[in-house]
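A note on names: the letters A, B, ... follow the listed sequences, proteins ahead of strands, and every chain is numbered from 1.
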2 protein chains.
Amino acid sequence: MRKDSRLSRVLHALIHLHHYGKPATSDDLGKMLGTNPVVVRRTMAALREQGYVSALKGHNGGWSLAKPLTEITLYDVHKALGEGSVFTIGLTDEHNNCPIEHGVNKALRDVMQEAEALMLARFKQVSLAQLASEFERHDRTGG
Amino acid sequence: MRKDSRLSRVLHALIHLHHYGKPATSDDLGKMLGTNPVVVRRTMAALREQGYVSALKGHNGGWSLAKPLTEITLYDVHKALGEGSVFTIGLTDEHNNCPIEHGVNKALRDVMQEAEALMLARFKQVSLAQLASEFERHDRTGG
DNA sequence: CCTTATGTAACTTTTAATGTTTCTTGTGTT
DNA sequence: AACACAAGAAACATTAAAAGTTACATAAGG
């Protein structure tokens, strides 16, 4: 099943931005992320709308952080991308009022909601600053 | 993103089978599930391979439970369908050895693994017999 | 032998992300 | 003012896996 790698991609971009020292163009980011500039713009647009990054046109333009990484959590980024369901598991449409189908779907929905709640709670606990510092430590120790 | 509703569908089918009193043809199940017989066969085949159901050809043939519902959990069914990743969230390919990308992916992978573990643990706690009885109670109380 | 029903192959459809091309708009430089 | 740079955005193709569909082979009962 096709995956949505926007979260992974945009987190990667934000941390690169943090280290970049100047605005990064969509082309720059595209090269860092192994994708193309249009995909970068499309994905970053969601973050711009939530005020996490800003974009400038023209010479020396490009993308910059609008907030420090300490003030952005994984949850914030996930939410900015639009919280569609996180699961590949879907429920059948309950067209014919079958109580069995209702019961099955309710059971699955309950479990998925609990798992999603755990996931989002974890996402809230991790700031991008933590992520960035972890990678830097990892990098210095050469592991 | 396209959902995989095989789990919901096949659980629905198994509980119907339990109440059916005789083997149910793929056509019967297709009508109950709002889908077509070939999809039913394809999905049920995975359960047959794991010994949860059996199928007979010819007159009075069709699908029957090969184990009581008390001996089948949500986890068993989920696993029988083949445990692809449960999440729509995917990680980017780590092509260019970027430590930032590695760090981001590791953080996301850790959280997703924890959430998936919780989900599977919950699935193990629920037998299809429990599901069936819950729906029956729900049905009798008219709620 | 005929009917029923599974088993299976081959092909189409669906859906959202992703890839790509092209054009417009805005902004700084010369 | 003209130009170059870069985001914004529209339009279309590609991709992947479930799901839908058609067709036919296989097996088993009547």
Is the shortest side-chain N/O distance from Thr35(A) to OP1 or OP2 of dG19(C) below 4.0 Å? yes

When you check the phosphate oxygens OP1 and OP2 of dG8(D), does a side-chain N or O of Arg41(A) lie under 4.0 Å from one of them? no

Nucleotide nearest [X] (side chain, heavy atoms from C-beta), chosen from [options]:
{"X": "Arg48(A)", "options": "dA19(D), dG8(D), dT6(C)", "result": "dG8(D)"}
{"X": "Ser5(B)", "options": "dA7(D), dA17(C), dA19(D)", "result": "dA19(D)"}
{"X": "Val39(B)", "options": "dT8(C), dG20(D), dT18(C)", "result": "dG20(D)"}
{"X": "Trp63(A)", "options": "dA19(D), dA7(D), dG7(C)", "result": "dA7(D)"}

Residues Ser54(A) and Trp63(A): side-chain donor-acceptor under 3.5 angstrom: no

List the atom pairs, donor and acceptor, that lie under 3.5 Å between side-chain atoms in residues 100-111 of chain B and the rest of the protein, sequence neighbours left out.
residue: Glu101(B); atom: OE2; partner: Thr92(B); partner atom: OG1; Å: 2.6
residue: His102(B); atom: NE2; partner: Glu94(B); partner atom: OE1; Å: 3.4
residue: Asn105(B); atom: OD1; partner: Ser8(A); partner atom: OG; Å: 2.6
residue: Asn105(B); atom: ND2; partner: Thr92(B); partner atom: O; Å: 3.1
residue: Asn105(B); atom: ND2; partner: Glu94(B); partner atom: OE2; Å: 2.7
residue: Lys106(B); atom: NZ; partner: Asp110(B); partner atom: OD2; Å: 2.9

What residue pairs, at least two apart or across chains, pass salt bridge (charged side-chain N to carboxylate O under 4.0 Å, His left out) with a residue in residues 60-69 of chain B? none

Could you name each residue pair satisfying salt bridge (charged side-chain N to carboxylate O under 4.0 Å, His left out) that touches residues 121-133 of chain B, not counting sequence neighbours? Glu114(A)-Arg122(B)

Within the distance-only criterion (no hydrogens, no angle test), does the side chain of Thr88(A) pair as donor or acceptor with the backbone N or O of Ser85(B) below 3.5 angstrom? yes

[atom1] of [X] versus [atom2] of [N]: gap in Å, rounded?
{"X": "Met44(A)", "N": "dT18(C)", "atom1": "CE", "atom2": "C1'", "answer": "17 Å"}
{"X": "Asp93(B)", "N": "dT18(C)", "atom1": "CG", "atom2": "C1'", "answer": "13 Å"}
{"X": "Leu91(B)", "N": "dA17(C)", "atom1": "CG", "atom2": "P", "answer": "17 Å"}
{"X": "Arg9(A)", "N": "dA17(C)", "atom1": "CZ", "atom2": "P", "answer": "12 Å"}
{"X": "Lys3(B)", "N": "dA17(C)", "atom1": "NZ", "atom2": "P", "answer": "12 Å"}
{"X": "Ile89(A)", "N": "dA18(D)", "atom1": "CD1", "atom2": "C1'", "answer": "14 Å"}
{"X": "Arg6(A)", "N": "dG19(C)", "atom1": "CZ", "atom2": "P", "answer": "13 Å"}

Report the residues that fulfil side chain to side chain contact (heavy atoms under 4.5 Å, CB included) with Ala117(A), sequence neighbours left out, ordered by chain and then residue number. none

Partners of Ala129(B) by side chain to side chain contact (heavy atoms under 4.5 Å, CB included), sequence neighbours excluded? Leu69(B), Thr70(B), Ser127(B)

Residues at least two apart in sequence or cross-chain that pass side chain to side chain donor-acceptor pair (under 3.5 Å) with Tyr20(A), listed by chain then number, are Asp28(A)

Using a cut-off of under 3.5 Å, enumerate the N/O to N/O pairs linking the protein to nucleotides 9-14 of chain C.
residue: dT14(C); atom: O2; partner: Arg2(B); partner atom: NH1; Å: 2.6

Identify, residue by residue, the members of residues 20-29 of chain A with a heavy atom below 4.0 Å from DNA chain C, and return them in order of residue number, or none. none

Below 4.5 Å, heavy atoms only, C-beta onward: do Gln125(B) and Thr73(B) meet side chain to side chain? no

Side-chain donor-acceptor pairs under 3.5 Å in residues 29-39 of chain A, sequence neighbours left out?
residue: Lys31(A); atom: NZ; partner: Asp27(A); partner atom: OD2; Å: 3.2
residue: Asn36(A); atom: OD1; partner: Val38(A); partner atom: N; Å: 3.1
residue: Asn36(A); atom: OD1; partner: Val39(A); partner atom: N; Å: 3.2

Produce the list of close N/O pairs, under 3.5 Å, pairing protein atoms with atoms of nucleotides 26-30 of chain C; give distances to one decimal.
residue: dG26(C); atom: O4'; partner: Lys57(A); partner atom: NZ; Å: 3.1
residue: dG26(C); atom: N2; partner: Gly58(A); partner atom: N; Å: 3.0

By salt bridge (Lys or Arg N to Asp or Glu O under 4.0 Å) - contacts of Arg6(A) (at least two apart): Asp4(A)

Members sharing Leu118(A)'s hydrophobic cluster, built from side-chain contacts under 4.5 Å between Ile, Leu, Val, Met, Phe, Trp and Tyr, are Leu118(B)

